[in-house]
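To start, the structure itself, in structure tokens.
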Amino acid sequence: MPTPPGEVIVVRSLTDSDFGLFAAHRAGMSSKQRAIAITVPVARQLLSPGVFDAGGAIFECFVRFGDQTIHQPRTLSKTGKNWRLGGTKIEGDAFAVLDSKDFVLIRSRSANDGTAPLSITFVSRNTDRVTHAGLAAIVEKDLRDSMAVYSRGSEGFSSLAPYCQPAVHTPPARPAKRPSKRERPKPSPIAPMPRDPVTAKLVRKPTIHEKIRSPHIMERMFKVAGDLSAPAQLRFIEIVEMLADQLRKVLLATARIVTIPQSHKDFWPLLSGKPVGFIDGGLANLSMLGSAPIAARVGGYLVTPGQSGEDREHFTMLKHLIDELYDPGEGGVYDNSFPDTGALRDAARISVETAGAVQMIRDYPKVQWVLVHGALVNPVSRYTDIMEEGLLTRLTGGRVKHRFPNFSDSALSELLPGEPTRSGRDRNFISVYLRQLQLLRDSAPIVCGVVEREATTSSVIRSVLDSLADHEIARLLPVPPAQWKKEFLAAIDPGDDPASEGQRITDSLLFRCVLEPGEALKPVVVDRNELRRAPLAWRDEYIAHYPKPFLSYVQVSEWSAPIRLEMFEKDLGSFEQAAALVTHCSLLLPRYSFPVGLDIVDKFAKVPNWMTRPIATYTTVQALKRALDSGDTRSFDALRRMLCGTGREWLLRPGIMK
């Protein structure tokens with residue numbers, strides 16, 4: 001009677017490098033090993049001499065862990081000086097609990113030549129702490145290089161055998177005999193299964209509570225309230241949630257939220273053949289005397305959706321000024337008598353960019369939409385004369401301390417081309433800008449201002465509350481409408497409360513919480529040039545005639561702040577089309593959520609840094625030449641300092657000019 005073949009049980013205490021065999025561990029591993037290591041002495045006892053000398057073989061394996069059993073072939077082979085039990089990665093999230101110092105038990109026929117299967121059992125202390133502790137007590141004294149081998153008949157084998165059942169060879173099932181081609185029955189005709197009716201899946205919109213706690217809005221919350229204490233931050237979030245919930249219910253009930261469908265397939269055919277213009281400007285960052293010669297570029301990008309060929313797109317540089325914008329008077333250089341140089345620069349930027357929009361409408365009469373990057377109507381009270389301080393001077397108009405300079409003749413020819421010659425106060429920024437806005441307002445195209453930067457004011461919130469009639473919202477509120485509006489405004493801007501620690505809630509933040517993607521606020525009028533703030537000298541004749549823009553917020557996606565859209569009153573009938581145009585242009589830049597046409601023209605019009613320095617040098621030299629020609633020594637000395645990089649240049653040494 002032949003002697004039954006012997007058996008061995010191999011025990012390995014797992015190390016970090018062994019976990020590359022498991023799919024659940026590979027993502028967090030730094031090691032590239034994709035197998036379980038086997039030491040050379042163990043491999044010599046486990047394999048037959050022929051397989052050992054050949055460098056390994058493929059074995060039928062049964063991998064067991066808990067209730068799972070995976071039956072598949074695996075390789076046990078020599079890699080360099082070491083042996084590895086590898087093969088196809090072991091799938092399954094259950095194996096993610098395995099950790100270092102857990103055990104794998106490999107039961108096999110001794111001197112296995114590849115014909116006998118292997119039984120591979122894993123034991124984890126995370127799922128079976130008692131069994132793991134028992135195995136540790138059995139093998140602890142015998143482990144060498146994290147491995148031990150026990151032969152049948154030994155005390156260790158008898159103790160380990162109950163935890164590692166032997167593998168039984170399972171021959172593969174024979175495939176069923178296929179009938180011959182002649183015997184194959186013909187399939188009976190079966191009608192195709194009818195399609196299920198397609199029903200729209202209802203997606204529940206998140207509540208205000210859920211929306212405010214989403215990561216992209218919570219991030220903005222902490223940016224706004226980051227300087228507050230922890231309790232104040234919590235109160236700030238609760239106040240924003242309460243106000244957003246109340247305002248959304250009121251706006252929905254009064255039909256002041258408009259749905260903007262988001263479908264490129266449906267929208268762009270409606271715009272086919274209609275030219276759309278985009279306007280943006282850039283200023284060279286010059287450091288000059290007084291108002292500074294301004295280097296400005298206003299770019300125009302005109303595109304006709306649905307059209308192909310060379311006429312589809314046009315790029316134009318609508319303005320390019322390198323000259324004195326402000327009238328120098330009798331001298332050759334503006335004499336720096338107006339102290340607020342920032343106001344001079346902003347006035348130049350606003351007037352030049354608005355002139356670009358006017359010029360596009362003049363040069364391309366077929367354009368139907370003009371989107372300007374920035375506010376449509378800007379406040380102008382800052383850009384006036386500085387008056388003497390004192391109550392009496394404020395009541396009577398007072399005396400002028402610093403007069404805001406008029407535009408030069410060359411600037412007027414660029415800002416209002418084709419207009420009659422202007423003189424006196426009509427050459428001032430307030431008068432020129434008013435005329436530019438009137439030309440835009442009275443033009444045939446729909447002109448819109450688009451602002452993606454987050455606002456720092458709450459003027460739109462105030463205008464929305466003013467537009468809500470008491471009889472419309474009385475039934476929606478637990479308190480009288482007047483009281484609700486007063487308390488709402490106090491919560492928006494707690495600055496008047498000395499005991500408050502909160503921050504102002506801006507338009508962008510609140511409407512980001514109120515609006516869902518694909519929604520827009522119905523436009524409300526905002527008076528950017530309130531007469532109570534206007535200087536008396538300019539109030540009745542000029543500032544009182546400034547147009548009042550209508551403002552809206554359009555929420556394109558949940559990842560970005562809402563875009564502010566500004567329009568003239570005459571274009572309100574096309575508001576939904578304007579909001580749809582801004583939305584679909586913004587969806588072409590999904591994460592940025594900004595109209596792609598304005599992004600294109602912004603890059604086109606920007607004055608790069610490499611161009612700023614030569615422009616600064618050229619304009620300064622020209623100003624220096626004018627100062628020399630006019631004999632203005634004070635301006636000449638100031639310009640010399642500007643040309644020099646430091647205070648120790650040779651031009652600044654004491655000399656005959658000092």
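Side-chain atoms are counted along with the backbone in the values below, which use heavy atoms only and exclude waters and symmetry mates.
- Aromatic pair Tyr301/Phe604: ring centres not closer than 6.0 Å.
- Considering only heavy atoms from C-beta on, Lys522 stays 4.5 Å or farther from Leu251 through its side chain.
- Ion pairing between Arg427 and Asp409 holds under the 4.0 Å rule for side-chain N and carboxylate O.
- Lys548 and Glu566 are not joined by a salt bridge, as no carboxylate oxygen comes within less than 4.0 angstrom of a charged side-chain nitrogen.
- No side-chain donor-acceptor contact under 3.5 Å links Thr304 to the backbone of Gln307.
- Summarising the geometry of Pro417 relative to Gln359, their closest heavy-atom pair is CG-OE1, 3.4 Å, with the distance given to 0.1 Å.
- With a 4.5 Å cut-off on side-chain heavy atoms, Val447 and Leu376 count as touching.
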- Task: Please test Lys485 against Asp470 for salt bridge (Lys or Arg N to Asp or Glu O under 4.0 Å), starting from the C-alpha separation and ending with a verdict.
- Result: CA-CA 10 Å; Lys485 292 179 180 179; Asp470 290 352; 3.4 Å; yes
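- The CZ atom of Phe267 lies 5.0 Å from the CG atom of Leu581; values are rounded to the nearest 0.5 Å.
- Contact record, His584 with Pro261: CE1-O, 3.2 Å, taken as the closest heavy-atom pair.
- The closest donor-acceptor contact from the side chain of Gln262 to the backbone of Val556 lies under 3.5 Å.
- Under the 3.5 Å distance criterion, the side-chain polar atoms of Arg256 are left unmatched by any main-chain donor or acceptor of Pro523.
- Contact check on Glu516 versus Arg248 returns no salt bridge, with no Lys/Arg side-chain nitrogen under 4.0 Å from an Asp/Glu carboxylate oxygen.
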- Item | Worked verdict on Tyr546 versus Asn378 for side-chain hydrogen bond (donor to acceptor under 3.5 Å, both in side chains) | CA-CA 10 Å; Tyr546 266 74; Asn378 289 276; over 6 Å; no
- Task: Determine, stepwise, if the pair Gln438 / Asp442 fulfils side-chain hydrogen bond (donor to acceptor under 3.5 Å, both in side chains).
- Result: CA-CA 6 Å; Gln438 290 171 344; Asp442 299 336; over 6 Å; no
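- Two residues are said to be in side-chain contact when any heavy atoms from C-beta on lie closer than 4.5 Å; Asp571 and Phe575 fail this criterion.
- By the 4.5 Å heavy-atom criterion applied to side chains, Arg425 and Glu541 are counted as neighbours.
- Side chain of Thr354 to main chain of Ser351: no donor-acceptor pair is present (N/O by atom type, distance under 3.5 Å, no hydrogens or angles).
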- Val432/Leu416 under side-chain contact (heavy atoms from CB on, under 4.5 Å): CA gap, chis, key distance, verdict: CA-CA 8 Å; Val432 172; Leu416 290 173; 3.9 Å; yes
- Message: Please determine whether side-chain contact (heavy atoms from CB on, under 4.5 Å) holds for the pair His373 and Glu452, giving the CA-CA distance in whole Å, both sets of side-chain angles, and the decisive distance to 0.1 Å.
- Response: CA-CA 9 Å; His373 188 192; Glu452 87 285 6; 2.9 Å; yes
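- Ser557 and Ser593 share a donor-acceptor pair across their side chains, judged by distance under 3.5 Å alone.
- Between the CD1 atom in Ile430 and the CD1 atom in Ile543 there is a gap of 4.5 Å [rounded to 0.5 Å].
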- Test log, rule side-chain contact (heavy atoms from CB on, under 4.5 Å), inputs Leu536 and Arg539: CA-CA 5 Å; Leu536 293 176; Arg539 184 182 64 187; 3.4 Å; yes
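- Atoms CZ and CD1, from Phe511 and Ile505 in turn, are 12.0 Å apart once rounded to the nearest 0.5 Å.
- In this structure, CD1 on Ile212 lies 8.5 Å from OG on Ser214, to the nearest 0.5 angstrom.
- In terms of heavy-atom proximity, Cys513 sits nearest to Met221 at SG-CE, 4.1 Å.
- Side-chain contact check for Ser431 and Arg422: at least one donor-acceptor pair (N or O, by modelled atom type) lies under 3.5 Å.
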- Given salt bridge (Lys or Arg N to Asp or Glu O under 4.0 Å), test Arg220 with Glu454 step by step and report yes or no. CA-CA 11 Å; Arg220 183 58 192 164; Glu454 297 192 29; 2.8 Å; yes
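- Between the side chain of Asp507 and the backbone N or O of Val460, at least one donor-acceptor pair lies under 3.5 Å.
- Once rounded to the nearest 0.5 Å, the distance linking CD1 of Ile492 with CZ of Arg504 reads 10.0 Å.
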- Query: Between Phe488 and Leu243, is a side-chain contact (heavy atoms from CB on, under 4.5 Å) present by the stated rule, with each step listed?
  - Reply: CA-CA 7 Å; Phe488 198 100; Leu243 297 181; 3.7 Å; yes
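- Expressed to the nearest 0.5 Å, how far OH of Tyr364 lies from CG of Leu302 amounts to 6.5 Å.
- Side chain of Arg512 to backbone of Pro562: no donor-acceptor contact under 3.5 angstrom is found.
- Pairing each heavy atom of Ala375 with each of Arg564, the nearest pair is CB-NH2, 4.3 Å.
- In this structure, Lys249 contributes its side chain and Ala244 its backbone to no donor-acceptor pair below 3.5 Å.
- The aromatic rings of Tyr383 and Phe429 stand perpendicular to each other, their planes meeting at an angle above 60°, with 30° marking the opposite boundary.
- Considering all non-hydrogen atoms of both residues, Leu434 and Pro547 come closest at CD1-CD, 4.4 Å.
- At least one donor-acceptor pair closer than 3.5 Å links the side chain of Glu210 to the backbone N or O of Thr207.
- For residues 374-384, the salt bridge (Lys or Arg N to Asp or Glu O under 4.0 Å) pairs, not counting sequence neighbours, are Asp340-Arg382, Asp346-Arg382.
- Contact annotation: the side chain of Val250 approaches that of Leu477 to within less than 4.5 Å [non-hydrogen atoms, C-beta and beyond].
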- Message: Checking Ser408 against Ser410 for the side-chain hydrogen bond (donor to acceptor under 3.5 Å, both in side chains) test, could you report, in this order, the C-alpha distance in whole Å, the side-chain angles of both residues, the deciding distance, and whether it holds?
- Response: CA-CA 5 Å; Ser408 63; Ser410 59; 3.2 Å; yes
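- Taking the charged nitrogens against the carboxylate oxygens, Glu238 and Arg235 have no contact shorter than 4.0 Å, which rules out a salt bridge.
- Counting heavy atoms from C-beta outward, Arg435 and Asp426 have side chains that stay 4.5 Å or more apart.
- A side-chain donor-acceptor contact under 3.5 Å links Glu241 and His209.
- The heavy-atom pair separating Ser381 from Asn529 by the smallest distance is N-OD1, 4.3 Å.
- A donor atom on one side chain and an acceptor atom on the other are not found under 3.5 Å apart for Trp369 and Gln577.
- Taking 4.0 Å as the cut-off between side-chain N and carboxylate O, Asp466 and Arg462 do not count as a salt-bridged pair.
- Judged purely by atom type and a 3.5 angstrom limit, Glu353 has no side-chain atom pairing as donor or acceptor with the backbone of Ala348.
- Judged by distance alone, the side chain of Lys570 and the main-chain N or O of Ser443 form a donor-acceptor pair under 3.5 Å.
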